[in-house]
Amino acid sequence: MRDVAVIGAGCTTFGEKWSSSFRDLFVEAGALALEDAQLSGEKIDAMYVGNMSAGRFIEQEHIGALIADYAGLATHHIPSTRVEAACASGGLAFRQAVIAVASGMEDIVVAAGVEKMTDVEPGASTDTLTGAADREWEGFVGATFPGLYAMIATDYMHRYPLTREQLAMVAVKNHYNGARNPIAQFQQEITIDTVLKSTMVAEPLRLFDCSPITDGAAAVIVAPLERAREFTDAPIKVLASAQASDTITLHDRRDISTLDASISAGQRAFKMAKLSHKDIDLVEVHDCFSIAEICAIEDLGFCRKGEAGKFTADGQTALDGKIPVNTSGGLKACGHPVGATGIKQVFEVVQQLKGDAGKRQIDGAKIGMTHNVGGTGATVAVHILGRV
Amino acid sequence: MSVARFWRKIPQRYNMLGTRCETCGRHFFPPRSFCPECRRTGKIADYKFAGTGTVVTYTIIHTASEQFEQLTPYVLAIVQLDEGPRMTAQVVCRPDEVKIGMRVKRAFRRIMTDGESGVIHYGTKFVPVE
């Protein structure tokens, strides 16, 4: 297997981008990534595009070909493949690109993620996102996505010492980071009170416990490590790529407030990279809801089960904490264009490892991790990236 | 939601018919054709659930998708059936009544309507056991 490196990365600003179409978003992110790698498009051998639900959000399928066409690569007839795994689509697109290069099958591969979510009404987007769970046995009976995560929160708070205020600290911390990220959807700080006084969505989760509806795209370019210096002075090595799955329904899980797929993918990634959680300088975790970040940092081993509330409230996951979590602002503040999120996480880690993260820079960051969840934990992709 | 898709499931949607692996004794609802443990050595047989169970966790939904908007706030829970499997369902009670560990039994109820003049979908909800 060949070593793989990220040689370029680009991301649009995230938000309600009513003046940009789906294809505009992708082209913008792709162009930024190509510019970053100082690469011309005709050198690209293949593309993988993470997208959850263009069919329902913009009534467009056949995304692989659409993207290849509007990226100006259709006449080069490169293979372009859409990858779908709900909110983990981006993480899996990145993994497919890494596998393609590692195998020797392709050399220069684009991994992109894109979602345009604001073209439908809120009720319709809620319903579309419910498709990431089991439509027949969860969605049919009135489960929403916030509702499913709320049931994780109820279970967790019944069994472990997590206060409502500690849970709110996840959002407060991520908004603090988002306020220092020029691409973030929300660039304003909030207080615990902001969270606790916001509209109830699904008890105990309130509006500010939830990631928003977002438009956006991100793209990264991967290449064999041995060729990386042709394109960049600062290649970022892919130290591990891991993926795991679990039951589609939350109710069939072994433990409702533990994501076994996160544990499995995390352990596989650490083994592949020959590293442990102590070696990680920062991590982008999948905080689609505040409780999801609490579970993620425990499942990945950054603190013990049941201790993430105190760990967060003590500032251990802040920019200057023991393990900075979601320096980008996470899904909560940076925004969550579902298919793009996994690639944006890689983009953030690459920026941090290159020292390009501005006001949210982690000093001397050498190794970063990404954790991307599909559904309530039925798919998880974990990647570890390191400075060369 | 399409009519055919949710009406063809009539046996398990209305009667809580599942399956049981006679090799290892595990029950499945909704029915499974393969036992995840015993794989093809498992002997799967039909099983009718008693319909009684316990609330494992819950939420009160305040923001719903279009079909459920008129029901908010409503109680959604994961219920563990006495035979073992868990299912997600609404519990018909006041939001402040639901508790972890609460005993419930199944009830045949209207789940939703496809628009004002659309098809009415029926299925299982749970009601508290007195």
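Values in this document were obtained by computation on a predicted structure and should not be read as measured data. Note that these values count all heavy atoms, side chains included, but never hydrogens, waters or copies made by symmetry.
Using a 4.5 Å cut-off between heavy atoms, A:Asp155 touches chain B through backbone and side chain atoms alike. Contacts between B:Ile60 and chain A at a heavy-atom distance below 4.5 Å involve backbone atoms as well as side-chain atoms. Both the backbone and the side chain of B:Ile61 come within less than 4.5 Å of a heavy atom in chain A.
What you find for A:Glu203 and B:His62 is that their closest heavy atoms are OE2-NE2, 2.8 Å.
Dense packing is recorded around CD of B:Glu97, with more than 12 heavy atoms of other residues, nucleotides or ligands lying under 6.0 Å away. Within 6.0 Å of CD in A:Glu121 there are 12 or fewer heavy atoms belonging to other residues, nucleotides or ligands. For NZ of A:Lys197, the number of neighbouring non-hydrogen atoms (other residues, nucleotides, ligands) closer than 6.0 Å is 12 at most. Within 6.0 Å of CZ in B:Arg32 there are 12 or fewer heavy atoms belonging to other residues, nucleotides or ligands. Heavy-atom neighbours of B:Asp46 CG from other residues, nucleotides or ligands within 6.0 Å: at or below the threshold of 12.
Put simply, the side chain of A:His251 does not reach to within 4.5 Å of the side chain of B:Gln80, judged on heavy atoms. Between B:Gln12 and A:Trp137, some side-chain heavy-atom pair lies under the 4.5 Å cut-off. In this structure, B:Gln67 and A:Asp127 have side chains that are in contact, with non-hydrogen atoms separated by less than 4.5 Å. Contact of the A:Phe140 side chain with the B:Arg13 side chain is registered, since non-hydrogen atoms from C-beta on lie closer than 4.5 Å. In this structure, the side chains of A:Ile256 and B:Arg86 come closer than 4.5 Å at one or more pairs of heavy atoms. With a 4.5 Å cut-off on side-chain heavy atoms, B:Thr88 and A:Thr249 do not count as touching. With contacts defined as side-chain heavy-atom distances shorter than 4.5 Å, the pair B:Thr59/A:Met151 qualifies.
Atom CZ in B:Phe29 sits 11.0 Å away from atom CG in A:Asp252 (nearest 0.5 Å). For the atom pair OG1 (B:Thr72) and CE (A:Met200), the distance works out to 13.0 Å, reported to the nearest 0.5 Å. Distance OG1/B:Thr63 to CZ/A:Arg206: 11.0 Å, rounded to 0.5 Å. With values rounded to the nearest 0.5 angstrom, B:Leu76 atom CG is found 7.0 Å from A:Leu148 atom CG.
Looking only at heavy-atom pairs under 4.5 Å with chain B, the residue among A:Pro204, A:Pro146, A:Gly147 that has the most is A:Gly147.
Remark: side-chain polar atoms of A:Thr154 are paired, donor with acceptor, to backbone N or O of B:Tyr58 under 3.5 angstrom.
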